[in-house]
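These numbers were taken from a predicted model, which means no experiment stands behind them. Order of the sequence lines fixes the chain letters, A, B, ..., with proteins taken first and strands second; residue numbering starts at 1 for each chain.
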Amino acid sequence: MKARAFSYVRPRTVAEALSAFAGTDGDASYIAGGQSLVPALALRLQAPDRLIDIAHIEALRGVSLTGDRLRIGALTRHAELLTDPLILRHAPLLSEAAPYIAHPAIRNRGTIGGSVALADPASELPAMMLATSAEIEISGPDGVRLVPADDYFQDLYQTALEPGELLTAILVPPVGPDERWAFDELARRRGDYALVGAGVQATLVDGTIARLRIAFLSVGATPVRVHQAEAALTGAPLDATSIARAQAALDADLDPTDDAQVPAVTRRHLARVLLGRLLGRLARPA
Amino acid sequence: MTAKVSVTLTVNGETHQGAVEPRLSLVDFLRQDLELTGSHIGCEMGACGACLVLVDDRPVHACLMFAVQAEGSTVETVEGLTERGALADLQAAFRDRNALQCGFCTPGMLASAYAILARGGVPSRDQIRDALSGNYCRCTGYEAIVDAIEATARTRAAAHAQALRPQARLPDEARP
């Protein structure tokens, strides 16, 4: 299947990209790695008049520690999450989730910015934005703004991005010395979309959970942070009792729907199993 | 019809400059414009892996890229890898182990295998399977393919170890 014809521009700066969009009456798409967009174009789920290829914008590249945030440029590829020393050290949950993103060839092209901009609720990285307490850097005609991940995901494929705005970077607070993390997902086959997946990042002080964030993927229209389960664990020692309490609390957090793959009741069950595994992993000494 | 866009890229060591329609995929460009038909077109969705080529030395789906996106890139197809002998031992192992039947998926399998082997060492069978998770084969059941890649990794690792072994030789001044 082939994409419908479109015009194509290759801006070198964010300003050029934004003005290329402004000249199209909104019927344009930004393309970075294109690993989700190109299939959508081939299936004609999308048929924009213009593609704006942001891959040549130098300002969107690179990973750096700036102040108290790790800044991950939007063009950072999934494969780089596995090897970049700054990401491995300061945002290790992203590195731990990266092997689960599709398969190697997709990871070589797909970008963190593209994944978070698309906000597929079954994708790993959008959920990990919630778990790592990331902020999304968005550039638009009126300048740059930062949106916390908690406010960014709004509905199915709907985010805080307004038409024409460009996701330029992800900002993540570096993990502290007492922090632990874990990611896992349940899929029918390696590389397939997860039936359910989750990431946890927790601060443990003397065996007690001072803070934690847990985010699930593939359980609803958006990635989901599970506040009730978090509350069941915060301030408690991480042990069998608190884990069981969190698993029970999960029912109030998740509201999956029946779908062609699995009934909602199964998905709830799988989420409980997965949460138990992840917390069990955190409880073991590092 | 939309305006053609200029693109300059290097394919198998040769620089190509031209104007292409923006919607032309990289794999169509390679097959139709450059007549490099080793890369195959299967699903055109990034699932089957028959179109895998190396872009800047990493395997990517040539169906999930428009040719215009390859501006400034270095592309290597199965033809290029074959000509420079980068796959000779791997191809021999595929033959020996009957790791190809209809051969449709083979160019993509070789591109994935090239990348696994380039990491050096001997990957586990699980790691090999994981690396092949984006390649569909409908004939072999994968077992023979994993065998061939594993065997090539072992042979290369042994040759590498041999090359690193200190050679017994006389000091220069003691030579006749």
- Query: Tell me, side chain or backbone of A:A79 under 4.5 Å from chain B's heavy atoms, or both, or neither?
  - Reply: side chain

- When the 4.5 angstrom heavy-atom criterion is applied to A:L37 and chain B, the contacting part is neither

- Message: A quick test of your reading: do over 12 heavy atoms of other residues, nucleotides or ligands sit less than 6.0 Å from CG of A:D259?
- Response: yes

- For residues 58-85 of chain B against chain A, heavy atoms under 4.5 Å, the residues are B:R58, B:P59, B:V60, B:H61, B:C63, B:L64, B:M65, B:F66, B:V68, B:Q69, B:E71

- Task: Could you tell me whether the side chain of B:T2 and the main chain of A:F6 form a donor-acceptor pair under 3.5 Å?
- Result: yes

- Task: Measure distances from A:R4 to the heavy atoms of chain B and classify the residue's part below 4.5 Å as side chain, backbone, both or neither.
- Result: backbone

- Go through the atoms of B:D56 and report whether side chain, backbone, both or neither lie under 4.5 Å from a heavy atom of chain A. neither

- Query: To the nearest 0.5 Å, what is the distance between OG (B:S25) and CG (A:L41)?
  - Reply: 12.0 Å

- Note on the structure: chain A shares the most heavy-atom pairs under 4.5 Å, among B:D28, B:L24, B:L52, with B:D28

- Over 12 non-hydrogen atoms of neighbours within 6.0 angstrom of OH in B:Y142: yes

- Under a 4.5 Å cut-off applied to non-hydrogen side-chain atoms, are B:M45 and A:L43 in contact? yes

- Message: Shorter than 4.5 Å, heavy atoms on both sides: which option in A:P39, A:A105, A:A55 has the most such pairs with chain B?
- Response: A:A105

- Residues of residues 96-132 of chain B near chain A, each having a heavy atom less than 4.5 Å away: B:D130, B:A131

- If one checks every heavy atom of A:A42 against chain B at 4.5 Å, the contacting part turns out to be side chain

